[in-house]
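In what follows, a single structure is set out as structure tokens and then discussed.
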Amino acid sequence: MKTRILYGKPVAEKIIRKLARTVDEITKQNIRPPGLGIIHAGFDPASRIYIKNKQQVAQASGFYVEILEPDNENQLFDAIEYMNRSSQIDGFIVQLPLPPLWNIDAVLEKIEPSKDADGFHPLNSGRIMAGQNGILPATPAGILSLLAYYGISTSGKHVVIAGRSRIVGRPLSVWLSANHPQGNATVTLIHSRTLNPENYIRQADIFVSAVGKPHIWKLKHFKPGAVVVDVGINRCGERLCGDVDSEGLEGFVSAITPVPGGVGPMTVASLIRNVWLLYKRYFLATPGFFNNGKTGV
Ligand code: GUN
């Protein structure tokens, strides 16, 4: 069996190119461009790199971008209020992780749901949970687009997801188990307290790892022919590496995403698309956007 490498870059570039063309057509009519806000609270060095990347891709697509860097929790709430009120910003994110002991739930609840580009506000995660069209967080949305691009259907498949974060595992598990064309999977969500995770992973037609631990899953964990989606971005010495050790997987699994260059670029493209969707819904006010039977992703 030839193992397919599911590169994210060409897929992300296709999404971005299409968005950039549409934004260009709009701004030529003297309508303001979509605006992305990013709040970077805390001092996580990896976050700085991710934010720079999001900023560059959004600006290259013709989006307006504004970044705020609050130093403490009060300033963070002020920054959220500023983004909530700004007439230039259609969607914004508070980059995670926050510094230890900051109240993440209180922070996410302050985001105006109609500007919630991450889909982390309880109203938006509730919409996904209820099967309503809403904003799906960028990483799950990116994974769905990647699978769709490579013609990998989830319907009837056993998808095993490792990691239950609000960023990836939880929303993805809900979305994939729902009754719609990009779902209809049988989903198992495993996590740090799961006993004998290999018992589940070995049954996976599609395995998604979002645990952030370098090379913890190896050849012995997988079923032959499985599709492996590696969301992990970890440091392995000087290099970046995923959660999955690809040693021996060539010819054994049917497809695998590379790290870097797999899910990462898809996340950025999906975030920018989420801002576009919010802009279209709340600024351009296309009638029936959330209720037109489309997924919104
Ligand atoms: N940190 C890692 N991934 C994400 C994401 O998708 N959104 C936010 N806000 N923070 C992150």
Side-chain angles (χ1 to χ4, degrees), residues 8 12 15 36-58 65-70 73 76-77 79-80 83-84 89-100 102-113 115-125 128 134-146 161-175 208-213 229-235 240 242-243 257 259-260 262-278 297:
I15 294 169
L36 163 66
I38 301 175
I39 301 178
H40 181 199
F43 315 95
D44 185 52
S47 290
R48 198 167 289 286
I49 297 167
Y50 300 145
I51 287 171
K52 192 111 212 109
N53 199 9
K54 290 170 184 177
Q55 177 187 22
Q56 276 170 357
V57 176
V65 179
E66 206 167 328
I67 299 177
L68 296 177
E69 297 191 328
E73 261 180 306
L76 171 57
F77 285 116
I80 292 174
M83 294 288 186
N84 283 344
I89 296 295
D90 301 284
F92 68 98
I93 64 166
V94 176
Q95 183 71 27
L96 302 177
L98 291 177
W102 291 27
N103 187 341
I104 181 169
D105 288 309
V107 166
L108 296 179
E109 286 216 28
K110 283 282 186 293
I111 295 172
E112 159 59 39
K115 290 195 172 188
D116 176 22
D118 264 326
F120 292 163
H121 187 282
L123 183 75
N124 286 319
S125 29
I128 297 296
I135 289 295
L136 187 64
T139 304
I143 292 169
L144 295 174
S145 300
L146 192 70
I161 301 168
R164 54 184 157 182
S165 73
R166 76 177 82 216
I167 299 177
V168 189
R170 250 184 296 163
L172 185 64
S173 67
V174 170
W175 188 272
V208 181
S209 181
V211 297
K213 295 213 167 89
V229 177
D230 192 349
V231 184
I233 303 179
N234 312 296
R235 287 234 150 263
L240 292 180
D243 296 346
T257 61
V259 176
V263 175
M266 295 303 300
T267 297
V268 177
S270 300
L271 168 69
I272 289 159
R273 185 170 49 189
N274 276 353
V275 176
W276 160 255
L277 293 172
L278 293 169
V297 289

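Every number for a ligand or one of its atoms is a count from 1 in the order of the listing.
Taking the salt bridge (charged side-chain N to carboxylate O under 4.0 Å, His left out) definition, one finds that Glu73 meets it with nothing, sequence neighbours left out.
Within 4.0 Å of ligand 1, counting heavy atoms only, the contacting residues are Val94, Gln95, Leu96, Asp118, Phe120, Ile167.
In this structure, Phe92 and Leu68 have side chains that are not in contact, with every pair of non-hydrogen atoms separated by 4.5 Å or more. The shortest distance between side-chain heavy atoms of Leu240 and Arg235 falls below 4.5 Å. When side chains are defined from C-beta on, Leu136 counts as touching Leu144, because their heavy atoms get closer than 4.5 Å.
The pair Arg166-Asp105 counts as a salt bridge, with a side-chain nitrogen and a carboxylate oxygen less than 4.0 angstrom apart.
Using modelled atom types, one finds a donor on one side chain and an acceptor on the other under 3.5 Å when comparing Arg273 with Ser145.
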